[in-house]
Amino acid sequence: MKEFFINIVLPCISLALLMMANILAGKSIADIKKEFNRSKLIAGITKAVFTLVSIFLISLSSLVYNLDIASINGVNVNALKLMNIILIAVIIMHGVKATRKIIELFQVKVIIDELREEKIINIERKDLNE
């Protein structure tokens, strides 16, 4: 249970905070540009909520029945580990997006160099009939 809290609950909280920052910064920018669109705001909030709930439920499934569901670079991983990997990637993505929006909001000239790894990670579907 501690592993679930550390690998899923805490990153989900971090992701939720970044998503909220991203949505709020985007709304502020739209207000300033006089381009606010209520349906776009609702769609963003809905997407954030459903994404978080989906990640949490998929991760929770590994507590009910722990099964390797994917292979990453030849290493089999269960739903909990796979969701942790996805969470880390999405946290980085939303962190960069929110930071860019804050920079735009304050009209600051900053160049952000994203960290990129040249290694491609292949996630293969594991056939349960094998």
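Just so you know, these numbers use all the heavy atoms, side chains as well, and skip hydrogens, waters and symmetry mates. Worth saying up front: this structure is predicted, and the values here are computed from it rather than measured.
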Any side-chain heavy atom of Leu80 sitting closer than 4.5 Å to one from Asn66? no

Roughly how far apart are His94 NE2 and Asn22 CG, rounded to 0.5 Å? 6.5 Å

To check you understand the geometry: which heavy-atom pair defines the closest contact between Ala25 and Ile102, and what is its length? CB-CD1, 4.0 Å

For residues Leu15 and Phe56: do they belong to one hydrophobic cluster (side chain heavy atoms under 4.5 Å, members Ile, Leu, Val, Met, Phe, Trp, Tyr)? yes

Taking every non-hydrogen atom, the tightest pair across Leu87 and Pro11: CD1-CB, 3.8 Å

Leu60 and Leu63: CA distance, side-chain angles, deciding distance, side-chain contact (heavy atoms from CB on, under 4.5 Å) verdict: CA-CA 5 Å; Leu60 198 58; Leu63 295 179; 3.8 Å; yes

Passes side-chain contact (heavy atoms from CB on, under 4.5 Å), Val90 versus Leu18? Steps please. CA-CA 10 Å; Val90 174; Leu18 286 169; over 6 Å; no

For Ile58 and Met83, which heavy atoms make the closest approach, and how far apart are they? CG2-CG, 3.7 Å

Donor-acceptor pair, Asn84 side chain versus Asn7 backbone, under 3.5 Å? yes

Side-chain heavy atoms under 4.5 angstrom apart, residues restricted to Ile, Leu, Val, Met, Phe, Trp, Tyr: same cluster for Phe5 and Leu82? yes

CZ of Arg38 to NZ of Lys27, rounded to nearest 0.5 Å, is 10.0 Å

Separation between OG of Ser14 and CD1 of Ile91, rounded to the nearest 0.5 Å: 4.0 Å

Between Met19 and Thr51, is any pair of side-chain heavy atoms under 4.5 Å apart? yes

Looking at residues at least two apart in the chain, or sitting in another chain, which of them share a side chain to side chain contact (heavy atoms under 4.5 Å, CB included) with Ile23? Leu41, Ile45, Ala48

Those residues at least two apart in sequence (or on a different chain) that pass salt bridge (Lys or Arg N to Asp or Glu O under 4.0 Å) with Lys33 are Glu104

Which atom names give the shortest non-hydrogen contact between Cys12 and Leu52, and what distance separates them? O-CD2, 3.7 Å

Please name the pair of heavy atoms, one in Ile72 and one in Ile85, separated by the smallest distance, quoted to 0.1 Å. CD1-CD1, 3.5 Å

To the closest 0.5 Å, what do you measure between CG (Asn78) and CD1 (Ile69)? 7.5 Å

Cluster overlap Leu10 with Phe4, hydrophobic side-chain contacts below 4.5 Å: yes

To the nearest 0.5 Å, what is the distance between CD (Glu3) and OG (Ser59)? 10.5 Å

Does Thr99 use its side chain to pair, donor to acceptor, with the backbone of Gly95 at less than 3.5 Å? yes

Using 0.5 Å steps for rounding, measure from the NZ atom of Lys81 to the CD1 atom of Ile8. 9.5 Å

